[in-house]
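Data first, discussion second: the structure below is written as structure tokens.
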2 protein chains.
Amino acid sequence: MDGGGWRPVKRTRTFEDVLAQIERRIAEDGLTAGDRLPAERQLAEQLGVSRSSVREAMRVLETLGVVSSQVGRGPDAGAVLIARPESALTDLLRLHLGLASLEMREVIDARHMIEEWAATRAAAVRADTSALVSALAGMDAAGSAEEFVEHDTAFHCAIADASGNRLIAAIMRSLRDSMRRYAVEAVERLGDTSVLRADHVRILEAIDRGEADEAARAVSEHLAHAYRS
Amino acid sequence: MDGGGWRPVKRTRTFEDVLAQIERRIAEDGLTAGDRLPAERQLAEQLGVSRSSVREAMRVLETLGVVSSQVGRGPDAGAVLIARPESALTDLLRLHLGLASLEMREVIDARHMIEEWAATRAAAVRADTSALVSALAGMDAAGSAEEFVEHDTAFHCAIADASGNRLIAAIMRSLRDSMRRYAVEAVERLGDTSVLRADHVRILEAIDRGEADEAARAVSEHLAHAYRS
DNA sequence: TCCTTGATATGGTCTGACCATACTGTGGTC
DNA sequence: GACCACAGTATGGTCAGACCATATCAAGGA
């Protein structure tokens, strides 16, 4: 038994303290993307820790898509706050797919879920579809499966963007990133992409007309065409 | 102009090299959750880098929910591969909400999307609902809003689990984590939780009977009851 | 006015040391 | 033989200090 005696046991690692302090500062000072954090050496001195601990905290923040570090001197140098959740999600998916703690099937299904939801929502809010139109043009001009997939990805991510939900759009982008190779193989297997192009037009028109149910149906059937299995 | 001359410019940081090497090793050796990585000092020597760089790489992997480091000696010590995408997603959401690069509205909507999809899927596959039943019992016994939300979260996460998609289940858990305070306030504002309880039973029964559409409807109406706005 | 050049602040990396922790093995004790 | 105390050791966690590469800035000269 401790008998009530208490001594200050260190339970959190130093870099976790640094993380908490930075997070607190972000909340209290209302920092947002574009603002700068103090330099590593300065932060270390302020918090009374070594620069190594500060650096480990910075790696965490960088991994989560919250800061970006630039070397050199000047207004753009140092640690700047950013808002790139995609990068973290992409790394997350890639590593967990590699670890076999996720299967491509699950990624595909999640993508299906998001896309149907986003198309419904985009149609409901009569979203601007100019980004979808230019992605369509890109696909028409594509000369290889890789190029086609590139613009196809842009088209489908534009649907997610059009939903107006940045979180879901970020997840969508990461999912597509993880599926990249898979998508290219699917297109190569398919050979003729005219069916996919027709699907895209149908989706686009449904969103333009604000027909939410038709948009969802069109997306669902399109994905069935693209990844029939 | 470079005139075609080429000199070996260092474009990636050392810890990124380490990350790539570890990722490669995971892929080539087919490592999965539970396997151990070499010790930091050993890894540093193998890769010809300093221990600091190895440590920064470990922080990244830890942030992404891929490794867990234990001090001491023995079979459980060192860096062990794990599969906890939730922790990364939870940190991601918390920080981006703090940075105002995400709004609670977007989190709520994402949660709505997932839950409807998961309920549909759970009903379609006639998933086991025993976890839902025990969460229901927990809610009946709850004495405070916090306690109620705790078991409510368990109930809704169990639906996501029942969908059979680990990625979507992990996202669901992180979303609920981020919404925790918000959910407690919603329940306190509501006062009487009998409507929510009835909704839960309706959802449970729909899933049990395999009625996918009814399950989705029940979830949708339940969320409207819980977060009417 | 423009360019050169040195000063400087920044992140990136390395070395080497020390600490706290937790297992491992050894040896003594009953 | 069974048990326990204790030294040994491998692990991550932290620190201090140094050096490098890079990018800007400021001073000075052409």
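A quick note: this is a predicted structure, and the numbers were derived from the prediction, not measured.
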Would you tabulate the pairs of protein nitrogen or oxygen atoms and nucleotide nitrogen or oxygen atoms of nucleotides 9-11 of chain D closer than 3.5 angstrom?
unit_1 : atom_1 : unit_2 : atom_2 : d
D:dT9  : O4'    : B:R73  : NH1    : 3.1
D:dT9  : O2     : B:R73  : NH1    : 3.2
D:dT11 : O4'    : B:G72  : O      : 3.0
D:dT11 : O2     : B:G72  : N      : 3.3

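Between A:L81 and the choices A:I22, A:I26, A:L61, the side chain to side chain contact (heavy atoms under 4.5 Å, CB included) rule is met once, by A:I26.
Not counting sequence neighbours, the partners of A:L204 by the side chain to side chain contact (heavy atoms under 4.5 Å, CB included) test are A:T129, A:L132, A:V133, A:L136, A:D208. For B:D128, there are no salt bridge (charged side-chain N to carboxylate O under 4.0 Å, His left out) partners at least two apart in sequence or on another chain. By the salt bridge (charged side-chain N to carboxylate O under 4.0 Å, His left out) test, A:R84 is found to be paired with no residue, residues two or more places apart in sequence or in another chain being considered. For B:E115, the salt bridge (charged side-chain N to carboxylate O under 4.0 Å, His left out) partners at least two apart in sequence or on another chain are B:R111.
Of the residues in residues 43-62 of chain A, A:V49, A:S50, A:R51, A:S52, A:S53 come within less than 4.0 Å of DNA chain D through at least one heavy atom, sorted by number.
Contact annotation: the side chain of B:L102 approaches that of B:L93 to within less than 4.5 Å [non-hydrogen atoms, C-beta and beyond].
The residue among B:L37 and A:D76 whose nearest nucleotide of DNA chain D is located toward the 5' end is B:L37.
In this structure, A:R13 atom CZ and C:dA20 atom P are separated by 18 Å, rounded to whole Å. Between B:F15 atom CZ and C:dT13 atom C1' the separation is 12 Å, expressed in whole Å.
The number of heavy-atom neighbours closer than 6.0 Å to CD of B:E45, taken from other residues, nucleotides and ligands shown, is 12 or below.
At a cut-off of 3.5 Å, with distance as the only test, no side-chain donor of B:H151 or B:H200 sits close to an acceptor on the other residue.
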